[in-house]
Amino acid sequence: MKNKKTAKTINIGKIIQNLFLVIIAAVLFWLSNPNILFNNGLSFLAWFNYLPVFFLIKKSKLSFSWLWGGFYGVLSYGLYGYWLKTFHPMGLIIVCIGYFFICAFLFFILKLCDLLCKKNAWLLEFLCVCAYEYVKTLGFFGVSYGVTAYTQWQNIHLIQLCSLTGVFGLNLLVIFPSSFLFSYISKSAARNKILNHEAFGKSHISAYVKKEQALWQNSLTLTYVCGILWIVLLVASLIYGFKAISKNQFEKTVSVAAIQNNENPWKNGIEEYSQNVKKLIQLTEEAQALANEVDFIVWPETAVVPSIVYNYDYGNDVRRFLLISQLLNFIDENNSVFVIGNSHEVELRNVERVRYNSALVFESGKNVHPCEPDIYSKTRLVPFTETFPAKHLFPYLYVKLLNGDSHMWEKGEEYTVFDYRGLKFSTPICFEDTFSTVCRQMVLNGSRCFFNLSNDSWSKSIPCQKQHLAMAVFRSVENGVPSVRSTASGVSCIISPIGKIERTAPEFCEAFVLGNIPVIEDEAQTLFTRTGDVAGMAQTALFCLILIMQTFVVIINIIKNHR
């Protein structure tokens, strides 16, 4: 009877320990990123994010590891992306359910690594986590939110490494300390346990003890060697960062004003649209009054909701036509280049109209009257809120989404590069600057600056806006080009080619950011721009290769032992 009670107590104790580790891991993940307690995040915590996870994997059984992983996914991403509930409570529920399954699978694979490798499993687990963070950014459902390296967005010297390796090279450096500390602590404890056995002086186990002690000592030595290598790489990265920053000198610049109108553009009605355009014009005039000349004026994503081109050419709504005419007259009397977010409509064969989330570029005397702007249409759309590829298979669900707060768009076809006043630039729209692949392709096409047009006003959350900003910083560093962010409510700012935020506007207020950005005229490209996410691909390939090889080794050993 006593044994049953003791066993039950031990099981409850283990469950409580594992639950504690899950909660600690989720809280570390949450706090290291921008959050409601610390808007910029506590970046130093990211270096230990996965330490509780590795201990949890060691303690848990294979049959239950997935369950702890699912709980971790729900808790960590529920805290991190709490602002999704403002868009729609179902959005947060879907993300939590998705990460339940994603992290359940991750923890199952991590436990498998632990069982397959035993003494040096920590290295394979380390590669597994690196591979997971890369793979989760891929495909139609891929998102970059939550990648560990993004927590370091304010560590200006360290993030210069990304111009060589991209964000996943830095990711390897930031995740490693969790693996190293886990290995050191667990191996030291195992070695001490063996030494305690030897202290009992039992002659019949002394040979076994010595063999085990030698194995654990060799394993600990490997941990030290990997730790030293990490220190060398970290120091080298910082030295490179200091040198890269010291070379950040440019002769030619252009002036730019990023307008932040602090409005939700999806308030319906011509009165709302007119009021919003009036406010954008007023803020633009205030910015221009502070400078002799502003070369570029940037307005946020869908700053003007009615399609400018369609209402100018074909529109039969008089009030919308008058609004567009007023706007175009203002641009035509102005000496700046205007980059405007717009819901661009195109009529197909006089039968249907399709809509694009677009950036329109105007310059007085060139393409205002007649209205023929240069146009870029968003190519990477947000799943289920901007695109629903199975709309013909699930028409009922598609209609439900349209009746909600979703705004469906057609997908753009090319990464356009604009060339005005000596500046070659591209306009990643909102979600797009969270992906290194999108911005890299724009630079490969010839762009030397990003004008990002965003709208995160719906979130009503500063942490949401800071999480988005953190990723935007890396796009500049990776490609060595400046960024200008014009957002509906924040964070509007100017980012230098080294990822330094030069100027910024406060969140959730009417404001503008006025400053200069360098004109990069040469064709030089960073190593990352030329090679892409090789670091992420290499980590994933190496993990898969070692996992497969180790699985075969274990299977062969099992077969030999059963002969």
At their closest point, which heavy atom of [X] faces which heavy atom of [Y], and how far apart are they?
X: Ala257; Y: Val294; result: N-CG1, 3.7 Å
X: Asn39; Y: Pro34; result: O-CB, 3.0 Å
X: Phe435; Y: Gly142; result: CZ-O, 3.3 Å
X: Ile24; Y: Pro52; result: CG2-CG, 3.7 Å
X: Thr379; Y: Gly412; result: CG2-O, 3.6 Å
X: Phe107; Y: Ser65; result: CB-O, 3.4 Å

Report the relative orientation of the aromatic rings in [X] and [Y]; use parallel for angles under 30°, tilted for 30 to 60°, perpendicular for over 60°.
X: Phe425; Y: Tyr420; answer: tilted
X: Tyr145; Y: Trp83; answer: tilted
X: Tyr150; Y: Phe474; answer: perpendicular

Thr148 vs Tyr50, side chain to side chain contact (heavy atoms under 4.5 Å, CB included): CA-CA, chis, key distance, verdict: CA-CA 10 Å; Thr148 302; Tyr50 285 102; 3.7 Å; yes
Close aromatic pair by centroid cut-off 6.0 Å: Phe180 and Phe126: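 No.
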Residues Ser459 and Gln465: side-chain donor-acceptor under 3.5 angstrom: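 Side chains of Ser459 and Gln465: no pair found under 3.5 Å.
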Verdict with supporting geometry, Trp68 and Lys59, side chain to side chain contact (heavy atoms under 4.5 Å, CB included): CA-CA 11 Å; Trp68 293 117; Lys59 289 176 176 292; over 6 Å; no
Check against side chain to side chain contact (heavy atoms under 4.5 Å, CB included), Trp153 and Ile501: CA-CA 10 Å; Trp153 61 289; Ile501 300 174; 3.7 Å; yes
More than 12 heavy atoms from other groups under 6.0 Å of [atom1] on [X]:
X: Phe101; atom1: CZ; value: no
X: Lys424; atom1: NZ; value: no
X: Phe105; atom1: CZ; value: no
X: Tyr132; atom1: OH; value: yes

Member of His468, Arg475, Arg380 meeting the side chain to side chain donor-acceptor pair (under 3.5 Å) criterion with Asp433: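 Answer after filtering His468, Arg475, Arg380: His468.
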For a 4.5 angstrom cut-off between non-hydrogen side-chain atoms, does [X] reach [Y]?
X: Cys449; Y: Ile517; value: yes
X: Gln152; Y: Trp47; value: yes
X: Gln550; Y: Leu547; value: no
X: Tyr99; Y: Lys136; value: yes
X: Phe528; Y: Cys162; value: no
X: Pro497; Y: Pro482; value: yes
X: Ser43; Y: Asn155; value: no
X: Leu110; Y: Cys128; value: yes

Nearest-0.5 Å distance, [atom1] of residue [X] to [atom2] of residue [Y]:
X: Ile462; Y: Leu469; atom1: CD1; atom2: CG; result: 12.0 Å
X: Asn516; Y: Ile494; atom1: CG; atom2: CD1; result: 7.5 Å
X: Leu172; Y: Leu127; atom1: CG; atom2: CG; result: 7.5 Å
X: Ile15; Y: Gln17; atom1: CD1; atom2: CD; result: 11.0 Å
X: Leu173; Y: Thr165; atom1: CG; atom2: OG1; result: 8.0 Å
X: Ile23; Y: Leu19; atom1: CD1; atom2: CG; result: 4.0 Å

Test side chain to side chain contact (heavy atoms under 4.5 Å, CB included) applied to Phe54 and Ser183, step by step: CA-CA 9 Å; Phe54 293 136; Ser183 177; over 6 Å; no
Verdict with supporting geometry, Glu125 and Ser179, side chain to side chain donor-acceptor pair (under 3.5 Å): CA-CA 8 Å; Glu125 291 170 10; Ser179 301; over 6 Å; no
Side chain to side chain donor-acceptor pair (under 3.5 Å) between Ser454 and Asp456, intermediate numbers included: CA-CA 6 Å; Ser454 286; Asp456 293 325; 5.2 Å; no
Check for a donor-acceptor pair, side chain of [X] on one end and backbone N or O of [Y] on the other, with a separation under 3.5 Å.
X: Gln160; Y: Ile156; value: yes
X: Ser255; Y: Asp295; value: yes
X: Lys111; Y: Ser60; value: yes
X: Ser486; Y: Ile259; value: yes
X: Thr137; Y: Tyr134; value: yes
X: Arg448; Y: Val519; value: no
X: Asp114; Y: Ala121; value: no
X: Gln260; Y: Ala511; value: no
X: Ser492; Y: Thr487; value: yes
X: Arg530; Y: Gln525; value: yes

